[in-house]
Amino acid sequence: MKRKLSSIFFITLLTIFMIIAALFTLSPILLAVMNSFKSNGEIYTNILSLPTKWSFDNYVTAFKNTNYLQSLFNTIWLVSLSLFGIVIVSSMAGYKLARTKTKLSKYIFGIFVISMLIPFHSIMIGLVKVSHDLHVQGHLWGLAIIYVGIGSPMAIFLYHGFTKNIPREIEEAALIDGCNQFTLFTKIVFPMLKPITATIVILNALWIWNDFLLPLLMITDKDKYTLLLSTKMLFGQYNSDWSKILAILILALLPVIIVYVFMQKYIVKGVSDGAIKS
Amino acid sequence: MRNSNKVLILFCLPAFLLYSIFVLYPALGGFWYSLTNWNGLNPTYDYVGLSNYLELLDDKVFITSLLFTAKYVLYMVVLQNVIALTLAIIIESLSKGKKVLRTIFFFPNMISMIVGGFIWMFIFTKVFPQLAEMFGIAILNESWIGNPEYSFYSILILSLWGSVGYLMIIYIAALQSIPGQLIEAAKIDGANKLQTIWHVVRPLIINSITIGIFVSLSTSFKVFDQVYSLTGGGPGRATQVVSMNIYMEAFAYQSRYGYASAKAIILFVTILLITGVQLFVMKRKEVEM
């Protein structure tokens with residue numbers, strides 16, 4: 001009985017600790033949201049209280065003075081295009097590499113995998129030069145192509161690992177029935193890869209949506225800015241006008257928050273699966 | 001050529017082409033540029049041998065940034081893993097609220113560290129001083145962005161806030177894979193909670209700890225966004241990390257692409273060596289256990 005009491009006490013203590021930790025984790029976002037509805041004057045007098053009057057003025061200004069919708073659309077377009085490319089080229093390569101048991105296959109796989117060790121900063125300078133020379137610099141589609149190049153090794157690695165655990169019988173049966181390699185892949189294999197495709201889409205969407213340095217190096221035209229680039233620009237412009245800056249930051253976070261609220265189960269699972277497999 | 005290889009090449013070609021142009025070629029190019037005096041502004045350049053690397057030995061700014069990064073990595077590897085593992089163990093031992101807590105702690109990982117950095121800048125420069133005034137906590141009144149002694153910790157807090165959730169997810173998955181009977185058996189044998197964690201859980205998740213440390217090492221050496229948004233490397237260059245030093249050298253100061261490439265090679269080799277040693281040592285440990 002005594003032991004049970006102490007264990008209840010222990011659990012309560014842990015629960016309280018975790019609630020505090022969770023609040024601490026959320027507090028920066030909550031404070032930013034709260035203060036984004038206040039005027040600058042109110043921020044300076046009492047930062048911790050709820051706004052006396054919830055005003056959307058900061059959001060209206062932020063919305064008017066920024067290309068918010070344009071940047072949002074640019075980012076969605078960039079991420080979709082990149083994901084589409086990564087999934088197509090990597091599923092083809094990863095699947096075939098796992099199914100072909102030749103020396104060549106091993107070499108190609110090795111070359112793909114080795115690049116996962118190279119930090120981005122070590123290819124950055126050469127990348128800027130080659131993108132400039134090939135005229136892909138300055139375009140969102142160009143940026144997407146680069147993301148496919150950089151993102152495919154990891155995706156190939158995951159597709160490769162997943163394919164190894166699918167039985168071959170279905171494919172062999174289809175080939176005997178006279179199916180060619182192309183239809184075999186699109187009609188039969190690709191649907192079977194769905195679970196790992198979901199993981200790859202989640203991991204790469206997170207990466208590309210939040211990537212800052214590559215767009216910074218590649219995009220100069222304001223109309224093509226991603227959400228992060230325009231946020232960074234505005235942050236500089238509204239130097240310490242915090243009520244407006246906070247509204248801009250919350251607007252930049254909004255898509256992420258909405259997606260996370262509705263998809264958190266899949267996202268956490270995708271990240272977990274991806275981490276374990278690689 | 002065997003037919004299977006022909007099909008293989010066909011399937012790999014699109015990925016391999018893009019990969020070669022945008023990863024392999026720039027990476028190999030980086031090695032070559034590091035041996036030249038290429039300046040981004042000039043169309044021509046010469047081979048200069050190892051002189052860029054020799055210059056690095058005397059480059060105080062670079063060496064300082066390397067040491068600053070090393071200090072950051074050390075703190076991150078320890079704190080990230082200790083906090084993530086602690087959270088994972090506590091969450092798994094609770095009977096209620098597991099999912100909610102997991103969702104909350106992972107949330108900052110969804111956020112770009114550029115936006116996250118700006119939000120924390122608000123916390124450090126606006127919220128902290130008011131808290132200091134209200135509750136009389138002197139340390140909150142320090143200059144958390146402007147004073148390099150404190151801004152190191154600001155960068156650390158931001159980085160931990162934004163990354164611990166990811167490792168926590170890895171550790172939770174590892175803990176869930178432990179068969180329940182083993183924990184039961186330890187309980188029956190009279191082991192208390194801490195003993196169970198140390199003698200039963202630890203050997204079973206050591207594999208995940210290897211992954212966790214590897215992830216911390218390889219990501220914290222490349223830290224960029226957090227420093228860029230929070231301090232911009234300043235004041236002066238006091239909080240400049242290696243990745244930012246490379247970026248500045250190539251695209252901000254004098255476009256010395258050759259010299260910046262040499263720095264990038266040093267970063268690459270450093271990460272390769274340290275993670276290589278870590279994996280080698282820890283894999284051997286795993287076998288012993």
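Order of the sequence lines fixes the chain letters, A, B, ..., with proteins taken first and strands second; residue numbering starts at 1 for each chain.
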In the structure I gave you, are the side-chain heavy atoms of [X] and [Y] within less than 4.5 Å of one another anywhere?
| X | Y | value |
| --- | --- | --- |
| A/His121 | B/Phe221 | no |
| A/Ile111 | B/Phe16 | yes |
| B/Ser4 | A/Thr102 | yes |

Heavy-atom pair with the smallest gap, counting every atom of [X] and [Y]:
| X | Y | answer |
| --- | --- | --- |
| B/Phe107 | A/Leu26 | CD2-CD2, 4.0 Å |
| B/Tyr33 | A/Gly126 | CE1-CA, 3.8 Å |
| A/Val271 | B/Phe106 | CG2-CZ, 3.7 Å |

**OP:** Measure distances from B/Ile104 to the heavy atoms of chain A and classify the residue's part below 4.5 Å as side chain, backbone, both or neither.
**Re:** both

**OP:** Could you look at B/Leu167 and say if it's the side chain, the backbone, both or neither that has a heavy atom under 4.5 Å from chain A?
**Re:** neither

Subject >> A/Gln264 side-chain N/O to B/Thr103 backbone N/O, donor-acceptor pair under 3.5 Å >> reply: no

Original post:
Do side-chain atoms of A/Ser122 reach the backbone of B/Ile265 as a donor and acceptor pair under 3.5 angstrom?
Top reply: no

Inter-residue atom distance [X].[atom1] - [Y].[atom2], 0.5 Å rounding:
| X | Y | atom1 | atom2 | result |
| --- | --- | --- | --- | --- |
| B/Ile169 | A/Asp273 | CD1 | CG | 10.5 Å |
| B/Asp225 | A/Asp211 | CG | CG | 7.0 Å |
| B/Ile111 | A/Asn210 | CD1 | CG | 8.5 Å |
| B/Leu8 | A/Arg99 | CG | CZ | 13.0 Å |

**OP:** Go through the atoms of A/Lys265 and report whether side chain, backbone, both or neither lie under 4.5 Å from a heavy atom of chain B.
**Re:** neither

Original post:
What part of A/Ala252 is in contact with chain B, defined as an atom under 4.5 angstrom from a non-hydrogen atom: side chain, backbone, both or neither?
Top reply: side chain

Subject >> Winner by heavy-atom pair count (cut-off under 4.5 Å) against chain B, out of A/Ile47, A/Leu31, A/Ile123, A/Thr100 >> reply: A/Ile47

Original post:
Yes or no on side chain to side chain contact (heavy atoms under 4.5 Å, CB included) for A/Phe120 and B/Phe224, after CA distance, side-chain angles and deciding distance?
Top reply: CA-CA 11 Å; A/Phe120 176 74; B/Phe224 182 87; over 6 Å; no

Original post:
What residues of residues 113-126 of chain B sit under 4.5 Å from chain A when only non-hydrogen atoms are counted?
Top reply: B/Ile114, B/Val115, B/Phe118, B/Ile119, B/Trp120, B/Met121, B/Phe122, B/Ile123, B/Thr125, B/Lys126

Original post:
Could you walk me through whether A/Met18 and B/Ile91 pass the side chain to side chain contact (heavy atoms under 4.5 Å, CB included) check?
Top reply: CA-CA 8 Å; A/Met18 286 311 258; B/Ile91 287 179; 3.3 Å; yes

**OP:** Please step through side chain to side chain contact (heavy atoms under 4.5 Å, CB included) for the pair A/Leu206 and B/Asn109, ending with a clear verdict.
**Re:** CA-CA 9 Å; A/Leu206 262 178; B/Asn109 287 67; over 6 Å; no

